[in-house]
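These notes concern the structure reproduced below.
The model shown is predicted, which means the values in this text are computed figures rather than measured ones. These numbers come from the heavy atoms of this one structure, side chains and all, not from hydrogens, waters or symmetry mates. Throughout, numbering of the chain's residues begins at 1 and tracks the sequence.
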Amino acid sequence: MKTVKLTADTQKDLLDSLLKRSPNNYSEYEDVVAEIIKNVREKGDQAVFEYTKKFDKWEIGTDTIRVTEAEIEDAFGNIEQEFVEVIKRAAANIEDFHRKQLRNSWIDTKPDGSILGQRILPVAISGVYVPGGKAAYPSSLLMNVIPAKVAGVEKVIMTTPAGADGKVPAGTLVAARVAGVDEIYKVGGAQAIAAMAFGTESIPKVDKITGPGNIFVALAKKACFGYVSIDSIAGPSEILVIADETANPRYVAADLLSQAEHDELASAILITTDEKLAEAVKEQIEGFLQELSRTEIIRKSLDNYGYILLADSMGDAVEAANAIASEHLEILTKDPYAIMTKIRNAGAIFLGEYSSEPLGDYYAGPNHILPTNGTAKFFSPLGVDDFIKKTSIISYSKEALEKAHKDIELFAEKEGLTAHANSIKVRFPEA
């Protein structure tokens with residue numbers, strides 16, 4: 001990890017470096033993705049089958065594209081019962097948290113006969129993409145599906161790539177059943193996103209697509225936005241730790257590495273006011289690297305996007321944290337709650353030495369689908385609101401409209417929209 005003094009210049013250089021990881025900078029793949037989407041849109045299942053054979057190396061067909069009930073039952077027999085119970089407990093925590101986000105439709109009536117309101121309904125059908133490839137993430141599946149189910153989405157379908165043997169990892173299938181997925185299709189990559197966005201003979205068209213994936217999946221979601229809603233264009237994982245002299249360097253090091261192991265583009269940043277802590281953290285990192293399994297990935301991540309920033313004051317540390325707007329922010333200070341009140345931009349905030357980031361990834365309940373690449377300045381974690389749509393309700397009596405009609409007509413006339421004004425005037429010809 002690079003240790004640098006936190007200044008306006010080093011902060012700008014860091015932000016520039018982190019932004020290079022954004023999926024928006026991978027335009028060289030856009031033509032490939034556009035071609036895949038075009039073919040799936042035009043040829044449906046045929047294109048999906050061809051791309052699956054090409055990229056996933058197995059023969060898929062109408063009879064094998066959908067995961068069967070027997071396959072799900074087999075999955076429960078192929079993983080440890082202890083893990084099944086952990087998935088269930090995590091799912092219960094996630095559901096409990098997201099139920100608190102539910103909102104109700106409302107109506108407001110006034111004495112003059114006007115009625116205003118908002119109707120809240122879930123989207124009809126939602127699609128979730130679950131990565132395969134290098135690793136399967138049942139936790140991410142839970143985080144995507146459970147808020148949709150809590151919101152009341154009637155049908156949730158899932159696409160995920162199968163291995164060359166045509167099988168989906170058992171943990172993925174178990175998590176899908178626990179979360180309440182209705183249909184599972186063995187399709188991955190940009191072709192899966194296109195299939196859900198436009199529909200094929202086998203895969204239904206959805207209203208919303210959520211879930212992480214590689215750069216081809218991310219670009220496909222971006223290209224299909226507008227035909228369907230999406231959650232976000234997620235970038236590589238990030239963690240930022242604010243720590244003072246009271247922090248345990250072993251805990252800090254372990255938490256930084258928890259994100260650096262995701263991939264070579266992940267970022268891990270420590271901002272501290274204590275130089276001794278910074279040196280101790282570096283020593284602890286080297287010790288952990290002798291025993292962890294993904295050492296090569298971690299080293300590349302830390303070499304490219306690992307930083308220790310030495311701040312003159314905790315105020316400077318907070319200012320930098322708000323500028324970076326990290327996906328995950330841990331506060332390991334004497335009074336983390338006081339620091340937390342000054343944080344404006346973060347996907348999720350973890351307070352105190354026993355609230356390490358993996359607690360949020362797997363178990364606590366808040367969603368781990370979080371804004372990345374500085375987008376925490378204007379985006380929020382995935383939640384129930386992402387699976388609902390709001391409709392405004394307007395009803396005026398003659399009495400209510402009569403009080404307002406001249407104001408409306410004047411507004412319309414000032415905008416040059418005489419037909420708008422006329423729509424009101426015809427109701428009050430005597431005025």
Side-chain angles (χ1 to χ4, degrees), residues 23 56 67 72 75-76 78-80 82-91 93-95 98 126-149 156-163 167-181 184-189 192-193 196 209-218 220-221 230-239 257-266 292-294 297-298 301 327-328 347-348 356-372 381-382:
D56 297 332
V67 171
I72 296 174
F76 275 86
N78 288 328
I79 68 171
E80 307 92 325
E82 181 183 8
F83 185 36
V84 175
E85 295 305 318
V86 168
I87 289 175
K88 289 180 178 179
R89 288 196 292 272
N93 290 342
I94 297 165
E95 180 177 349
H98 287 85
S126 182
V128 57
Y129 184 85
V130 177
K134 293 181 180 179
Y137 297 105
S139 61
S140 191
L141 191 160
L142 298 177
M143 295 289 181
N144 279 277
V145 175
I146 292 174
K149 285 294 183 178
V156 176
I157 73 162
M158 179 181 117
T159 58
T160 188
K167 295 182 178 181
V168 175
T172 299
L173 295 182
V174 169
R177 171 53 53 86
V178 170
V181 174
I184 306 171
Y185 297 92
K186 301 176 184 179
V187 181
I193 302 301
M196 289 191 285
I209 298 175
T210 68
N214 62 20
I215 188 61
F216 295 98
V217 170
K221 287 170 68 178
I230 64 171
D231 49 355
S232 64
I233 309 296
S237 190
E238 308 163 345
I239 187 170
L257 297 180
S258 73
Q259 294 308 290
E261 76 169 342
H262 270 294
D263 61 57
E264 294 87 346
L265 293 177
L292 296 172
S293 61
R294 295 166 67 89
I297 290 173
I298 292 172
S301 170
E327 178 187 18
H328 307 101
S356 60
E357 189 278 337
L359 173 65
D361 268 355
Y362 295 112
Y363 202 76
N367 210 290
H368 79 201
I369 311 297
L370 302 168
T372 58
L382 189 74

Query raised in the report: Considering residues at least two apart in sequence or located in another chain, which fulfil the side-chain hydrogen bond (donor to acceptor under 3.5 Å, both in side chains) criterion with Y185?
Result: E183
Report task. Go through the structure and list residues passing side-chain hydrogen bond (donor to acceptor under 3.5 Å, both in side chains) with E85, not counting sequence neighbours. Result -> Q81
Query raised in the report: Which atom names give the shortest non-hydrogen contact between P138 and T172, and what distance separates them?
Result: CG-N, 4.3 Å
Report summary line: For L382 and M143 the tightest heavy-atom approach is CD2-O, 3.7 Å
Query raised in the report: What are the two closest heavy atoms between S139 and D361, and how far apart are they?
Result: CB-O, 3.8 Å
Query raised in the report: Considering residues at least two apart in sequence or located in another chain, which fulfil the side chain to side chain contact (heavy atoms under 4.5 Å, CB included) criterion with I297?
Result: E264, R294
Report task. List for me each residue that meets ring pair (Phe, Tyr, Trp, His ring centres under 6.0 Å) alongside F216, sequence neighbours excluded, and say none if there are none. Result -> Y29
Query - P147 and N367, any side-chain heavy atoms less than 4.5 Å apart - result: yes
Query raised in the report: With sequence neighbours left out, what residues match A220 under side chain to side chain contact (heavy atoms under 4.5 Å, CB included)?
Result: V33, I37, A190, I193
Query - Which residues share a side chain to side chain contact (heavy atoms under 4.5 Å, CB included) with A176, sequence neighbours left out - result: L141, M158, V181, I184
Requested in this report: Determine yes or no for a side-chain-to-main-chain donor-acceptor pair under 3.5 angstrom, with K186 supplying the side chain and A162 the backbone.
Outcome: no
Query - Pairwise distance CD1(I157) to OG(S126) - rounded to 0.5 angstrom - result: 8.5 Å
**Report entry** For D231, all residues meeting salt bridge (Lys or Arg N to Asp or Glu O under 4.0 Å), sequence neighbours excluded
**Finding:** K221
Requested in this report: List for me each residue that meets side-chain hydrogen bond (donor to acceptor under 3.5 Å, both in side chains) alongside E357, sequence neighbours excluded, and say none if there are none.
Outcome: Q259, H328
**Report entry** Shortest non-hydrogen contact from P161 toward V130
**Finding:** CD-O, 3.4 Å
Report task. May I ask you to test the S258-S356 pair for a side-chain heavy-atom distance under 4.5 Å? Result -> no
Report summary line: Taken in chain and number order and not counting sequence neighbours, the residues that satisfy salt bridge (Lys or Arg N to Asp or Glu O under 4.0 Å) with E238 are R21
Query raised in the report: Sub-3.5 Å donor-acceptor pair from the side chain of N144 to the main-chain atoms of G211, do we have one?
Result: yes
Query raised in the report: Just how far is it from atom CD1 of I369 to atom OG of S140, taken to the nearest 0.5 Å?
Result: 3.5 Å
**Report entry** Contact summary for A179 and L142, nearest pair of heavy atoms
**Finding:** CB-CD2, 4.0 Å
Report summary line: side chain to side chain contact (heavy atoms under 4.5 Å, CB included) test vs T160 passes for just one of V128, V168, V187, L173, namely V168
Report summary line: So CD1 of I239 and NE2 of H262: to nearest 0.5 Å the spacing works out to 9.5 Å
Report summary line: Shortest non-hydrogen pair, P381 vs P371, comes out as N-CD, 4.0 Å
Query raised in the report: What distance do F83 atom CZ and F76 atom CZ have between them, rounded to the nearest 0.5 Å?
Result: 11.0 Å
Report task. Working to the nearest 0.5 Å, report the span between NZ of K88 and CD of E95. Result -> 13.5 Å
Query raised in the report: Between the side chains of E261 and S301, is a donor N or O closer than 3.5 angstrom to an acceptor N or O?
Result: no
Requested in this report: List in chain and number order the residues that pass side chain to side chain contact (heavy atoms under 4.5 Å, CB included) with N93, two or more places apart in sequence or in another chain; answer none if no residue qualifies.
Outcome: Y363
